[in-house]
Amino acid sequence: MGMFDLEEEKLLAEIEGRGARKILIQLPDGLKAEGPRLASLVREKTGAEVFVSAAPAWGACDLSLDAASRLKADLLVHYGPASSKHDVMPVVEKAVPLLQGTTIGLATTVQHLHTLPDVAKFLELKGFTVLFPGRGPWAHENGQVLGCDYFGIRKLQPQVDSFLILGSYFHGLGAALSVEKTAILADPYDGTARSLSGDRDKIVRQRYALIEKARLFHSFGIIVSTKPGQCNPQVALSIRNQLEGKGKRAVLLYTDEVLPEKLMDFTGIDAFVDTACPRLALDDPERFPKPILTRDEIMVAVGVWTWEELLERGLVRL
Ligand code: SF4
């Protein structure tokens with residue numbers, strides 16, 4: 001058994017309760033190694049046939065509904081991030097001297113939500129006032145952030161001096177790009193705590209420069225994802241119309257995975273606009289053969305929003 005709780009009893013009860021005979025199990029990449037064990041367990045205990053998805057699974061935005069229906073599966077079991085057994089207190093202790101001010105916005109990912117009451121108590125004993133962000137469109141719990149949902153911490157921003165984000169660098173960076181106050185990351189996976197202000201400033205500068213450059217581009221490919229939670233064709237159509245209104249050329253590109261090597265084939269395109277996962281453009285732009293902008297950044301490039309309005313909304317938004 002690893003550092004995550006896969007709730008095997010609940011899984012078996014659900015399969016039995018629904019009388020499911022054919023099951024597709026989808027696991028995030030970090031948990032795929034558990035797939036064969038889960039498949040054997042389910043077969044042995046319930047007799048159901050199990051298919052473990054070997055395709056990438058990015059989160060709740062990425063349910064394999066089409067694959068499950070092609071298989072004629074009775075049940076799709078989609079594991080999101082599982083509850084973590086990491087002891088978070090050592091990294092929280094390391095983060096304390098880095099916190100700014102006395103009122104702290106405390107947030108984490110679903111894996112560590114159960115630790116928040118203890119972390120808050122610890123910080124209060126150190127003299128801090130701790131506030132939790134509320135829910136967002138995708139983050140369904142108070143105190144939770146998601147790779148593309150930082151609505152709660154943005155709303156909380158006026159009431160706090162700085163933020164403490166408990167989780168991976170990916171989630172800490174998303175938070176830092178979404179708020180203007182200092183975000184401190186306490187990372188239980190690598191055991192470090194650090195301010196992400198420098199990382200934020202660097203990316204904000206790069207994005208500003210890219211948007212300025214994009215104003216001069218002529219031809220855009222607007223990426224639409226087939227994934228249920230990332231599929232925004234209406235947003236793409238509206239962006240295409242805005243671009244054409246400015247005398248630019250734009251084509252809608254429809255894809256499951258947004259793979260840089262596949263985009264290379266569209267040689268006549270100057271830049272891409274991503275209406276799928278916003279983190280594709282922000283986290284690894286150098287992976288792509290051409291510049292790639294988020295759906296919000298292109299609004300600045302075409303003059304609908306100002307750069308300041310974009311920063312106010314936060315750079316990460318699905
Ligand atoms: S859209 Fe991107 S950031 Fe949001 S849940 Fe999906 S993979 Fe994560």
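First listed ligand is number 1; within each ligand, the first listed atom is number 1.
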Above 12 or not: heavy atoms from other molecules or residues under 6.0 Å from CZ of F170?
yes
Separation between NZ (K248) and CD (Q242), nearest 0.5 Å, reads 13.0 Å
Pocket residues around ligand 1 (non-hydrogen, under 4.0 Å) come out as W58, C61, G147, C148, Q230, C277, R279
* Examine the side chains of E16 and T46 and answer whether a donor and an acceptor come within less than 3.5 Å of each other. => no
Applied to residues 174-193, the salt bridge (charged side-chain N to carboxylate O under 4.0 Å, His left out) test, sequence neighbours excluded, yields none
Worksheet entry | Donor-acceptor side-chain pairing of S168 and H171 below 3.5 angstrom | yes
Electrostatic pair E14-K10, nearest N-O below 4.0 angstrom: no
